[in-house]
Amino acid sequence: MINSIKGIVTEKTSGSICLENQGIEWILEASAMSISSAPAVGEEARLYTWMYHREDAMGLFAFTTRNERFLFLDLISVSGVGPKGALKILSAARTEQIVQYLEEENLDGLSSLPGLGKKTAQKILLQLKGKLTWDDSASPGAASGPGGELIESLTAMGFDKRQVQSVVRNLLQDPAFQDLSAEKKEQEIIRRAIIELSS
């Protein structure tokens, strides 16, 4: 999978961003939010990507943040929400707003987004509540560091993503762990986090 493409923005349309990288110009489908927040034409940009591939079609989707891509992937995991539908949802509101609707179980707010009726909004709420792949702390790339790996490991054990993020962030700042080796520090944080999350 292509994680990201870095290059010069050559064009922006209502549904895509064109990016030139080493003589190759990529057409990347994107949400209205990503298109508006991407650098201006002629400037350099780094866009996170996701490739769509079927027997009869192929496309590359672009996101200005990792969290928008995380939310896109979460949305398309819900039956009835395809890539185009997910882009419509992401075009209608900021990712943080959509996450807030999900965490607060705000069915009216979620179903008010274009392309989402109440039935589909209910399915999204049921499937994604408390299970979003989201990193509150993150600048691009943060989830690939030790904190991100710890969060992913604990979430895979079945703990709530938001609770895991809060506990791990607090433990990473605990002075008791600062003098430990990286490996020992991760082991101790995992142990302590499991105790806190299980209580």
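It should be emphasised that the depicted structure is a prediction, and the values quoted were computed from it without experimental measurement.
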Measuring from atom [atom1] of [X] to atom [atom2] of [Y], what distance do you get when rounded to the nearest 0.5 angstrom?
| X | Y | atom1 | atom2 | answer |
| --- | --- | --- | --- | --- |
| Thr65 | Phe70 | OG1 | CZ | 9.5 Å |
| Thr95 | Leu75 | OG1 | CG | 10.5 Å |
| Glu20 | Glu44 | CD | CD | 12.0 Å |
| Glu11 | Leu19 | CD | CG | 12.0 Å |
| Ile17 | Leu47 | CD1 | CG | 5.0 Å |
| Leu87 | Phe63 | CG | CZ | 6.0 Å |

List for me each residue that meets side-chain contact (heavy atoms from CB on, under 4.5 Å) alongside [X], sequence neighbours excluded, and say none if there are none.
| X | answer |
| --- | --- |
| Asn21 | Ile5, Trp26 |
| Leu125 | Leu102, Leu107, Leu110 |
| Lys185 | Leu172, Phe177, Gln178, Leu180, Ile189 |
| Lys123 | Val78, Ser79 |

Quick check: closest heavy atoms across [X] and [Y], and the distance to 0.1 Å?
| X | Y | result |
| --- | --- | --- |
| Ala86 | Val81 | N-CG1, 4.0 Å |
| Pro83 | Phe72 | O-CE1, 3.5 Å |
| Met33 | Glu68 | CB-OE2, 4.5 Å |

Checking Ser37 against Thr64: is there a side-chain donor and acceptor pair closer than 3.5 Å? yes
Say whether Arg69 and Asn3, considering side chains only, have a donor N or O and an acceptor N or O under 3.5 Å apart. yes
Hey, are the side chains of Ile27 and Leu60 touching, using non-hydrogen atoms and a 4.5 Å cut-off? no
Path from [X] to [Y] over hydrophobic side-chain contacts below 4.5 Å:
| X | Y | result |
| --- | --- | --- |
| Val41 | Ile24 | yes |
| Met58 | Trp50 | no |
| Tyr52 | Leu71 | yes |
| Ile76 | Ile98 | yes |

With sequence neighbours excluded, residues passing side chain to side chain donor-acceptor pair (under 3.5 Å) with Ser16: Thr13
Considering residues at least two apart in sequence or located in another chain, which fulfil the side chain to side chain donor-acceptor pair (under 3.5 Å) criterion with Gln122? none
Look at atom CD1 of Ile190 and say whether more than 12 heavy atoms of other residues, nucleotides or ligands are closer to it than 6.0 Å. yes
I'd like to know whether NZ of Lys12 has more than 12 heavy-atom contacts from other residues, nucleotides or ligands below 6.0 angstrom. yes
Under 4.0 Å between a Lys/Arg side-chain N and an Asp/Glu carboxylate O for Arg192 and Glu196? yes
